[in-house]
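I have placed the structure first, in the form of structure tokens, so that the comments after it can refer back to it.
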There are 2 protein chains.
Amino acid sequence: MPRAPTQAAAEPKRRPPKRWHRRRDARPAEIVAAALGAFAERGFAAARLDDIAARAGITKGTLYLYFPNKEALLKAVVETALLPNLAQAETLAARDAGAVGTLVAAIATQIGRIIATTPLGAIPKIMLAEAGNFPDLARFYLNAVIGRGLRLFGTLVRRGIAAGEFRAVDPEATARLIIAPILMTALWQNSFAAYEETKHDPADFIARSIDLVLRGLAAAPRGAQP
Amino acid sequence: MPRAPTQAAAEPKRRPPKRWHRRRDARPAEIVAAALGAFAERGFAAARLDDIAARAGITKGTLYLYFPNKEALLKAVVETALLPNLAQAETLAARDAGAVGTLVAAIATQIGRIIATTPLGAIPKIMLAEAGNFPDLARFYLNAVIGRGLRLFGTLVRRGIAAGEFRAVDPEATARLIIAPILMTALWQNSFAAYEETKHDPADFIARSIDLVLRGLAAAPRGAQP
DNA sequence: ATTAAATAACTTACTGGTTAGTTATTAAAT
DNA sequence: ATTTAATAACTAACCAGTAAGTTATTTAAT
């Protein structure tokens with residue numbers, strides 16, 4: 001925020017305070033971070049571009065030098081903030097040492113950590129709410145995030161079945177079921193969690209849920225125990 | 001719908017066509033139904049009161065004769081459209097013939113039917129999205145719907161444990177886990193379902209999920225594992 | 001029964017506030 | 001001196017909520 005010049009120029013050599021800097025490279029990332037924060041707190045529709053600009057330390061006009069409109073801003077948030085984490089999860093899933101169940105639990109835990117410590121968990125809520133109003137954005141998210149996430153867990157489930165670790169379930173439906181408690185945690189933390197008096201630990205809930213689901217998936221009632 | 005006067009007044013005693021009727025008793029329910037439809041399609045923020053009024057066959061001013069503001073309209077939707085269904089589920093749960101697992105599956109199926117055949121499934125999405133912007137409404141929903149729903153399933157889980165049908169799990173967390181796939185179905189059907197090319201059957205997903213969760217809950221075949 | 005007065009239901013047109021997006025101008029950098 | 005980055009002030013549109021005015025219905029008097 002620019003300081004108003006409160007005193008007269010006693011020393012003429014005093015460097016004049018800069019009102020702003022040219023920082024073409026740094027802006028986009030800062031704007032995206034600001035937008036994520038604003039969208040997370042108020043939702044897409046209710047978030048104000050003036051507020052996003054202020055969080056990024058600029059003014060609204062400057063936003064439009066970097067993004068053509070509000071919708072593009074949301075898309076950029078998903079692309080630059082969410083997708084790298086998904087890629088990381090895929091890397092984790094590609095390691096094929098040990099039991100698949102352990103891997104699933106590890107990935108779930110990792111996502112739980114992101115939900116608890118970053119504003120990224122707000123993105124599902126935002127996309128859910130606006131899918132109907134922004135078809136292009138919805139399709140992009142469906143392909144780039146949801147489809148990819150389902151494929152990730154679907155592949156793991158297939159691996160578990162092939163290894164004799166899981167029963168012969170439907171991989172697609174099972175992937176959705178694994179994601180359900182994780183997604184629910186993300187939604188809860190970004191909506192009602194603030195209002196509940198007896199808090200409930202998100203990481204613990206995810207761990208319990210995955211554990212229970214894996215029990216339900218376990219291949220033999222008495223055969224091999226991983 | 002009022003007929004326009006197509007012919008000149010040959011008979012001066014012709015009654016003028018009525019432009020509208022006074023229907024104080026029928027309005028609130030019609031308005032609530034219209035509001036649910038509009039909120040479901042566009043979300044709370046993006047829904048227009050003019051559109052809601054038009055769906056209800058009235059004009060915007062009339063809305064304000066029955067509801068003080070937009071927020072009250074949403075609260076009325078929850079109260080008059082959602083709560084009765086919750087009460088019905090509770091009635092179903094109170095029957096204590098047969099296995100608890102069967103009862104849980106029956107209730108889940110029933111909720112799945114509501115999601116598939118009514119716009120009620122849109123309410124979770126709406127509440128999720130707006131919880132942060134309407135604290136009073138959020139607290140009301142948290143108590144009147146979420147808390148009540150969790151209590152319902154929590155009670156069933158406790159019954160299952162007491163009957164030796166389930167392992168000694170945490171009832172609260174398990175209730176959330178049971179709800180997760182149901183909730184996810186409701187959210188999916190009201191956001192991304194319209195965009196997916198290979199449709200997925202919501203009822204089938206709920207059934208598979210509950211089945212898998214119940215397997216995970218099943219008391220150990222022989223020795224009990226805490 | 002008719003008519004007139006009173007009331008209740010509804011509509012129409014407007015207001016005030018809000019906000020996405022635009023543009024004229026200014027400041028910094030080269 | 002010119003170009004680029006940024007601001008600040010502006011516009012156009014939208015929309016929740018309001019209130020003045022209109023039409024239907026009810027009540028009461030003749």
Side-chain angles (χ1 to χ4, degrees), chain A residues 1-5 14-31 34-35 38-39 41-77 126 130 133-134 137, chain B residues 1-5 12-31 34-35 38-39 41-77 126 130 133-134 137:
Chain A
M1 183 161 279
R3 276 268 281 102
R14 165 84 55 82
R15 266 207 301 148
K18 295 196 174 168
R19 310 213 308 149
W20 42 265
H21 293 267
R22 298 171 67 176
R23 297 174 51 247
R24 192 177 37 183
D25 298 342
R27 295 295 187 211
E30 292 173 356
I31 293 170
F39 291 156
E41 279 181 22
R42 318 243 291 145
F44 180 75
R48 308 289 158 227
L49 289 182
D50 277 315
D51 176 46
I52 294 173
R55 285 169 186 248
I58 55 174
T59 59
K60 191 171 56 171
T62 307
L63 284 182
Y64 282 86
L65 299 174
Y66 295 95
F67 298 94
N69 54 45
K70 200 181 180 184
E71 187 179 349
L73 209 43
L74 177 50
K75 189 175 180 187
V77 166
I126 298 162
E130 300 296 342
N133 298 326
F134 299 92
L137 196 55
Chain B
M1 183 154 277
R3 277 268 281 100
K13 278 282 166 266
R14 165 80 57 81
R15 267 208 298 147
K18 296 198 174 167
R19 290 144 56 90
W20 42 264
H21 290 267
R22 297 168 69 170
R23 296 172 53 244
R24 190 177 40 183
D25 296 342
R27 295 296 187 208
E30 292 173 357
I31 293 170
F39 291 155
E41 278 181 23
R42 318 244 291 143
F44 180 76
R48 310 287 159 228
L49 289 182
D50 277 316
D51 176 47
I52 294 173
R55 285 169 186 248
I58 55 173
T59 59
K60 191 169 57 172
T62 307
L63 284 183
Y64 283 87
L65 299 175
Y66 295 96
F67 299 94
N69 52 46
K70 201 180 181 184
E71 187 179 348
L73 208 44
L74 178 50
K75 189 174 180 187
V77 166
I126 298 162
E130 301 297 343
N133 297 326
F134 299 92
L137 197 56

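Letters A, B, ... are given to chains in the order of the sequence lines, protein chains preceding strands, and every chain is numbered from 1.
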With a 4.0 Å cutoff (strictly under), does any side-chain N or O of [X] reach OP1 or OP2 of [N]?
X	N	answer
B:Arg22	C:dT7	no
A:Tyr66	D:dA6	yes
B:Tyr64	C:dC10	no
B:Arg48	D:dA16	yes
B:Arg23	D:dA24	no
B:Thr59	C:dT11	yes
B:His21	D:dT23	no
B:Arg24	C:dA9	yes

Fill in: Counter-base of C:dC10, judged by Watson-Crick or G-U geometry with both distances under 3.5 Å
D:dG21
Discussion item. Treating A:Asp50 as the side-chain partner and A:Thr59 as the backbone partner, does any N or O pair qualify as donor plus acceptor under 3.5 Å?
Written reply: no
Worksheet item: Do B:Lys70 side-chain and D:dG17 base share a donor-acceptor contact under 3.5 Å?
Response: no
Worksheet item: Any N or O donor-acceptor pair linking the side chain of A:Lys60 to the base of D:dA8 at under 3.5 Å?
Response: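 Per atom types, no contact qualifies.
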Worksheet entry | Close side-chain approach of B:Leu49 to B:Leu73, heavy-atom, < 4.5 Å |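 Heavy-atom side-chain distance check passes, below 4.5 Å.
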Worksheet entry | side-chain contact (heavy atoms from CB on, under 4.5 Å) partner of A:Ile31, the single match among A:Thr62, A:Ile58, A:Leu65 |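 With A:Ile31 as partner, side-chain contact (heavy atoms from CB on, under 4.5 Å) holds for just one option, A:Ile58.
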Using whole Å, report how far [atom1] of [X] lies from [atom2] of [N].
X	N	atom1	atom2	value
B:Phe44	D:dC15	CZ	C1'	13 Å
A:Leu63	D:dA8	CG	P	14 Å
A:Asp50	D:dT7	CG	P	12 Å
B:Leu73	D:dG17	CG	C1'	13 Å
A:Leu65	D:dT4	CG	C1'	10 Å
B:Arg42	D:dC14	CZ	P	12 Å
B:Phe67	D:dT18	CZ	P	16 Å

Fill in: Parallel, tilted or perpendicular, as decided by the 30° and 60° cut-offs, for the rings of A:Phe44 and A:Phe39
tilted
Worksheet item: Any salt bridge between A:Arg42 and B:Glu130, counting N to O under 4.0 Å?
Response: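 No, this pair does not count.
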Worksheet item: Is a salt bridge present between B:Glu30 and B:Arg23, judged by a nitrogen-to-oxygen distance below 4.0 Å?
Response: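 Looking at B:Glu30 and B:Arg23, the cut-off is met.
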Check every strand shown and say whether [X] touches a base, only sugar-phosphate, or nothing at a heavy-atom separation below 4.0 Å.
X	result
B:Leu49	sugar-phosphate
A:Ile58	sugar-phosphate
A:Ala53	nothing
B:Ala47	sugar-phosphate

